[in-house]
Structures are given as C-alpha cells and as structure tokens.
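A quick write-up on the structure given underneath.
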Amino acid sequence: MKQYITGLESPSSMKRTLIAEIGTNEAILTVCGWVQDIRILKNLSFLVLRDESGVCQVTVKNLEKPFDVASLNRESVILVDGMLVPQSQSKTGKEILASRITLLNAAKVPLPLAPFDKVQADLDTRLNNRFLDLRNPRISSIFRLKSSILWGIRNFLMQNGFVEVQTPKIVASATEGGANLFNVKYFEDEAYLSQSPQLYKEILISAGVGRVFEVGPAFRAEKHNTVIHLNEFTSVDIEMAFADAEDAMRMLEGVVDSAIQNILEANRKELEILGIDLKRQPLPYPRVEFSECLKILGDAGIKHDPEEDLTPEDLRVIAGRYSGFYFITKWPASVRPFYTMPDHENPEFTNSFDLQYQEKEITSGAQRVHDPAMLRSRFASKGLNPEDFDFYLKAFEYGMPPHSGWGLGLERLAMILLGLKNIRECAIFPRDRTRLKP
RNA sequence: GCCCCGAUAGUGUAGCGGCCUAUCAUACGGGCCUGUCGAGCCCGUGACAUGGGUUCAAAUCCCGUUCGGGGCGCCA
C-alpha cells in the first residue's frame, strides 16, 4: 500500500493547484505539499496539507485505502489527487477527498524541530534547523515582509532618481579604521571584507552619478554578542550630490515611510499572522540636536561628556521623550568618522544624524567632506594614514560635488517594524559571533 | 575585549545533596474511537553536556572544557 517515489513521478506545476486557489478551479484536482498534521479515526483519516500558499484538509476514507495513512510522517511531501468537497466542515475551509496519495519524499522521525508543535523551540534550535523553522508561516512571513520592506525602499529611491549599483565586497582598506575587518587572502595580497560601501559611493558622486544607492552585505568583525548586532548584515546605502544633511534626512524618512506603506498595502496577511499593528508615522520625523539630548540627560540627572557617544542607557532616557522614529542631529566630530562634514558654526560638531526608533539606532548619515584638504586633515585627526586611501582621495581632487548620504541596517529596520526582539530573527541565515552554519 | 547567567528525553521544562528507579507537556510507538481539526481516552519508549574533584551519598556542591543565553564596549 505504501507508494514510494521513483523520481519520475514529479508533478508538473501545470496541473498542480495551489491550495490558495482551491475552489476557483475544477472539482477534480491535484495538490502538493507537506503533511502538517495527521488524525486517524476508525473509518476515516484527516491530513492537514500545507503548501506555500496555505493549508487545506485532505480526507481519506480508510476502507477505500487510497493510501496507508498510518505510514505517513509529519512534514513528508506528498501529492494528492482528489475531489473538492463542496461544503467542507473543515476549519481550514478547504477539503479534498483523496482518491490517490503519492509519497514524493518521506520526512524522518523524529523531527529535530517540529515547526507546528505546541511547544516553542529556542531560537538556537530553530536557527540550527532553519529549513524546518521557515515552514511555519509565522517565520516565513518575516521574510516576505522583509522582501516587501526592501521593495518599498527601492521603489521610493528609483522614483527619486537614484541609480542602484554594486560595489566590491572584497576591498584593500578599511573605511573607518582597521580593527573590525575580516581578513581574506586575495591571491598574493591581503584583503578584507567590506564593512561599508562608503568610499565607493562617494567616488561615484565624483563620477557624476548624482544619486546612487546600494543594497548589499556589510561585514563587521566585532565580537559583539547582542540582540541588535550581526557580523554580516544588509546595508542600504545612499549618496546624493549637491545635497546637505537635511536633504538626506528627508530622503531617509521618505524611504522608511515608503517601506511601511508598502507592507501595509501588500502584506496584510503576513501582518495578521504575526499580529503586528503597524501605523505610518507622520512626516517629518522629529529632529533633536545632540546638545538637546545632553539637556534631556541633564534634566534626568545624568552628566554626560559632550565629546562622548550616547550609551544605550542614555538613549533609553532620551527615548522616553519620543515615541517612534526621530533623528538625533549635530553629533560631535569626535564620535563620527573622518568623512563627516563639520558644522560651519561649531566645527566641533558635525552635519550628521542618526535615525532612532526609541532607543535603537537604525541609520547613520551625514553631509560628507568634499574638500580634499579638509579630508586630509581629518585623516590626521583620526590617526589614519591617507596613503591607505589614495584611490579614494584621488576622486576628490578633480571636481567632487558637496554630497550627503546614509547607511541603513535592513535587519534593524525590519526588527523594529515587525516588533521582533532579536535581530537574528530577521536574517534568514544569520552570521553572529559563533554561528557560521547553516 | 570585559561582566553576569545557563546546559535534564526529538522539542520545551520541573527538580537544586539522600524522598530521583528524575516531573510535566508535546512529539514518537501500540490500542480504542463513524468528521476530526490544539481531536479525545488507555498503555508504552525516551534525558541529567563533558572531564576531574568534594562527600558515606551528586542531576543537585567545587574546578576545567565545550556549547548556549544576556549585558557592556563598538556600531547599522
């Protein structure tokens, strides 16, 4: 009674019906998917069959023996030929009376992770068995949403005249210092994995691209062990010519709003599965100067060195004043990279900004230094050797426009919009301090 | 790099010196059940991360190792 695969019986997608489309087609149909649940009664058995579009119930009359249901394991892949039951009593709303069931591939028992168990597995167990974890729509919804977030971002940038580029991820020098880079062998040379496309974006501004963006991986060799850091993350980077920090901030809030708008329109189902109540936040997002943050901290009785970066504790206090997204602007030069433009009036501050969501930093951006002489002195003040950046500096010597830009952590944005507590949830195969597989 | 915490069946947990022949749920195997849908009921299988030590006695206390969780620093 068991029917094994020969490999030659692979179903054609031409005659396969997606579960979501059941009821719109003929009454005799073929569905394929994973066995999510098995309930065996005396005279009949029920299967819950799942494909990428949804679930339906498959009813098997045991006496007719279209298949030995008892031999089936959860999460095995089957093909079901059968008839649509017109008025189904199933809670899935869709029911097929099986005339034939073909086992396409069996799942071993026990499952290392049961995606539909009543007990929730730990994140570590889930990530070790990500292919099973992702079979649960609660998990796969995260990545459908992330995909839509990125589409909303791309759509907005394309509409605003940006060109998408791909810059190298194997690079010869650091963008902001040397400590946090992964080494790679590049034939006879020493190379690194790129921590940011910053230098290339700026060179492209000199190249006359005008508005440029990139979505790509960024690598940070920091041994951080937190719920908001990955060693490989997706960076959305833009750079705009003839633009100041305010222009870049406007583009940034536009991008975020477009991402939210897009998932509200396109992903009602996924938002519902995850129980997310997401709302657009009116533009513009509040702008708060760094010096104002120090006052807020002062009011809370926290003394803060004006040359020092804000700590997570500081940001929690500041976040008490703002709900949702807000910008912190005019950061001190001491905590910003060499390419950040100093403020004309107060050169110890910069024309820079971070986009925050409560206490979490999502984006860092600024107007950039476009004058090569100023850039050289900034290298010196950061203790960097200009010779390491010769290919970069060269682009500034022959007509570099004033320009601004930012880099946004896609997983950070996703975790915030989706209300997830650990950034690893937002990376489909995350790389963290110890995780190199799968 | 620093600091805290943890590791018990496939999964998730209780136990924290003798009452442990280790709890419960879920999963898994068997049986019953004319439509189930977190199915139900009965029976059963299955675990103390690892190496040392303390003790009459260790899942339980101590040390090392490995693995995991969280925080800080750094950042997106």
Side-chain angles (χ1 to χ4, degrees), chain A residues 36-49 55-63 69-71 73-75 85 87-95 97 107-129 132-133 175-177 179-181 195-198 216-237 252 308-313 315 331 335-337 354-357 360-365 406-416 421-424 426-427 432-435:
Chain A
Q36 185 169 308
D37 201 8
I38 305 163
R39 286 185 289 274
I40 300 172
L41 280 71
K42 187 171 190 177
N43 293 327
L44 73 171
S45 304
F46 300 100
L47 307 178
V48 176
L49 185 73
V55 290
C56 71
Q57 177 167 281
V58 174
T59 303
V60 180
K61 293 198 170 166
N62 293 347
L63 293 174
V69 175
S71 73
N73 299 330
R74 290 193 304 168
E75 295 304 318
V85 177
Q87 283 178 325
S88 171
Q89 299 166 46
S90 166
K91 286 185 178 171
T92 64
K94 292 172 180 188
E95 182 174 355
L97 181 62
K108 291 205 306 190
V109 173
L111 295 162
L113 163 78
F116 295 90
D117 258 10
K118 286 108 202 169
V119 289
Q120 256 289 118
D122 290 342
L123 183 59
D124 187 53
T125 307
R126 289 173 40 214
L127 292 177
N128 285 336
N129 301 282
L132 284 170
D133 187 40
T175 42
E176 355 203 320
N180 50 357
L181 290 160
Q195 61 182 179
S196 158
Q198 183 61 31
F219 305 91
R220 303 280 163 91
E222 290 287 344
K223 292 182 177 178
H224 34 47
N225 182 17
T226 82
V227 292
I228 56 165
H229 290 94
L230 293 166
N231 292 286
E232 176 176 353
F233 67 96
T234 310
S235 183
V236 179
D237 268 87
L252 176 53
E308 288 285 309
D309 206 348
L310 299 171
T311 66
E313 181 53 36
L315 288 168
W331 291 74
V335 302
R336 290 271 142 168
D354 279 5
L355 179 65
Q356 300 283 137
Y357 183 85
K360 297 189 186 79
E361 177 186 341
I362 306 160
T363 310
S364 197
W406 43 255
L408 176 150
L410 183 61
E411 287 80 14
R412 288 239 178 124
L413 180 62
M415 78 184 280
I416 282 158
K421 291 194 176 74
N422 193 318
I423 198 165
R424 280 163 264 230
C426 298
D432 63 23
R433 171 70 187 87
T434 53
R435 181 173 292 280

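Fair warning: this is a prediction, and the values are worked out from it, not measured in the lab. Per chain, numbering begins at 1; letters A, B, ... match sequence-line order.
At the heavy-atom level, A/Asn231 lies nowhere under 4.0 Å from the strands shown. Among the heavy atoms of the strands lying under 4.0 Å from A/Ser90 is at least one base atom, whether or not backbone atoms are also near. Within the 4.0 angstrom heavy-atom criterion, only backbone atoms of the sugar-phosphate kind lie near A/Thr311; the bases stay farther away. Across all strands shown, A/Ala114 has no heavy atoms under 4.0 Å from either base or sugar-phosphate atoms. Residue A/Asp354 is out of contact with every strand shown, counting any heavy-atom pair closer than 4.0 Å. Contact annotation for A/Val227: backbone-only contact, meaning every heavy-atom pair under 4.0 Å involves sugar-phosphate atoms and none involves a base. At a threshold of 4.0 angstrom between heavy atoms, the contacts of A/Gln57 include nucleobase atoms, whether or not backbone atoms are also involved. At a threshold of 4.0 angstrom between heavy atoms, the contacts of A/Leu41 include nucleobase atoms, whether or not backbone atoms are also involved.
Listed here is the closest heavy atom pair of A/Pro112 and A/Thr125: O-CG2, 4.1 Å. For A/Arg424 against A/Leu230, the heavy-atom pair with the smallest separation is CG-CD2, 4.0 Å. Minimum interatomic distance between A/Gly365 and A/Asp354 (heavy atoms only, all atoms of both residues): N-OD1, 4.4 Å. Minimum interatomic distance between A/Ala107 and A/Leu111 (heavy atoms only, all atoms of both residues): CB-CD2, 4.5 Å. Annotation for A/Ala218 and A/Ser235: closest pair CB-CB, 4.1 Å, computed over non-hydrogen atoms. Closest approach of A/Ile362 to A/Gln356, counting heavy atoms only: CD1-C, 4.3 Å.
As rounded to whole Å, 13 Å separates atom C1' of B/C72 from atom CD of A/Glu222. Atom-to-atom, CG of A/Leu113 to P of B/G12 comes out at 8 Å; the value is rounded to the nearest Å. Counting to the nearest Å, the C1' atom of B/G70 and the CG atom of A/Asp122 are 13 Å from each other. Computed from coordinates, the A/Leu410 CG to B/C75 C1' distance equals 16 Å when rounded to whole Å. For the pair A/Leu123 CG and B/A7 C1', the interatomic distance rounds to 17 Å; values are reported in whole Å. In this structure, the CG atom of A/Leu132 is 12 Å from the P atom of B/U11, given to the nearest Å. Note: NZ (A/Lys118) to P (B/G38) measures 9 Å, nearest angstrom. Between A/Glu232 atom CD and B/A76 atom P there is a gap of 16 Å when expressed in whole angstrom units.
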Stepwise side-chain hydrogen bond (donor to acceptor under 3.5 Å, both in side chains) check, A/Arg435 with A/Asn231:
CA-CA 9 Å; A/Arg435 181 173 292 280; A/Asn231 292 286; over 6 Å; no

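Using atom C1' as the reference point in both B/G69 and B/G12, the two lie 15 Å apart (nearest Å). Taking atom P in both B/U21 and B/C67, one finds a spacing of 33 Å when rounded to whole Å. On the C1' atoms, B/C32 is 35 Å away from B/C48, given to the nearest whole Å. Straight-line distance between the P atoms of B/C20 and B/G31: roughly 33 Å, to the nearest whole Å. The separation of B/U50 from B/G38, taken at their C1' atoms, amounts to 38 Å, rounded to a whole angstrom. Nucleotides B/A14 and B/G1 have their C1' atoms positioned 37 Å apart, rounded to a whole Å. B/U8 and B/C43 are spaced 28 Å apart, taking the P atom of each and rounding to whole Å. If you take atom P in B/C61 and the same atom in B/C16, they sit 10 Å apart, rounded to whole Å.
A side chain to side chain contact (heavy atoms under 4.5 Å, CB included) with A/Phe46 is found for exactly one of A/Leu41, A/Ile40, A/Val69, A/Thr92, namely A/Leu41.
With the nearest nucleotide of RNA chain B identified for both A/Leu408 and A/Thr92, A/Thr92 has the one nearer the 5' end. Mapping A/Arg424 and A/Val335 onto RNA chain B by nearest heavy atom places A/Arg424 at the nucleotide closer to the 5' end.
Between the side chain of A/Asp124 and the base of B/G68 there is no donor-acceptor pair of N/O atoms closer than 3.5 Å. Judged by distance alone with a 3.5 Å cut-off, a donor-acceptor contact links the side chain of A/Glu95 to the base of B/G35. Contact of A/Gln89 with B/U36 (side chain to base): no donor-acceptor pair of N or O atoms is detected under 3.5 Å. Checked by distance alone, A/Asp117 brings no side-chain donor or acceptor within 3.5 Å of a matching partner on the base of B/G12. Not a single donor-acceptor contact under 3.5 angstrom links the side-chain atoms of A/His224 to the base of B/C72. Counting distance only, with no hydrogens placed and no angle test, the side-chain atoms of A/Arg39 and the base atoms of B/C33 include no donor-acceptor pair under 3.5 Å. Side chain A/Arg74 to base B/A27: no donor-acceptor pair is found below 3.5 Å.
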RNA chain B in dot-bracket form (Watson-Crick or G-U pairs under 3.5 Å, [ ] crossing, | inter-strand) is (((((((..(((.....[.....))).(((((.......)))))....(((((..]....))))))))))))....

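Listed candidates were B/U11, B/A39, B/A76. Nearest to the side chain of A/Asp37 is B/A39. Checking B/G70, B/C75, B/U36 against the side-chain heavy atoms of A/Asn225 singles out B/G70 as nearest.
Judged by ring centres under 5.5 Å apart and planes tilted less than 30 degrees, A/Phe46 fails to stack against the six-membered base ring of B/G35.
Under the 4.5 Å side-chain criterion, counting only non-hydrogen atoms from C-beta, A/Val48 is in contact with A/Arg39.
Between A/Lys91 and the phosphate of B/G38, there is a side-chain N or O to OP1/OP2 separation shorter than 4.0 Å. Between A/Ser45 and B/U36 there is no side-chain polar atom (N or O) within less than 4.0 angstrom of OP1 or OP2.
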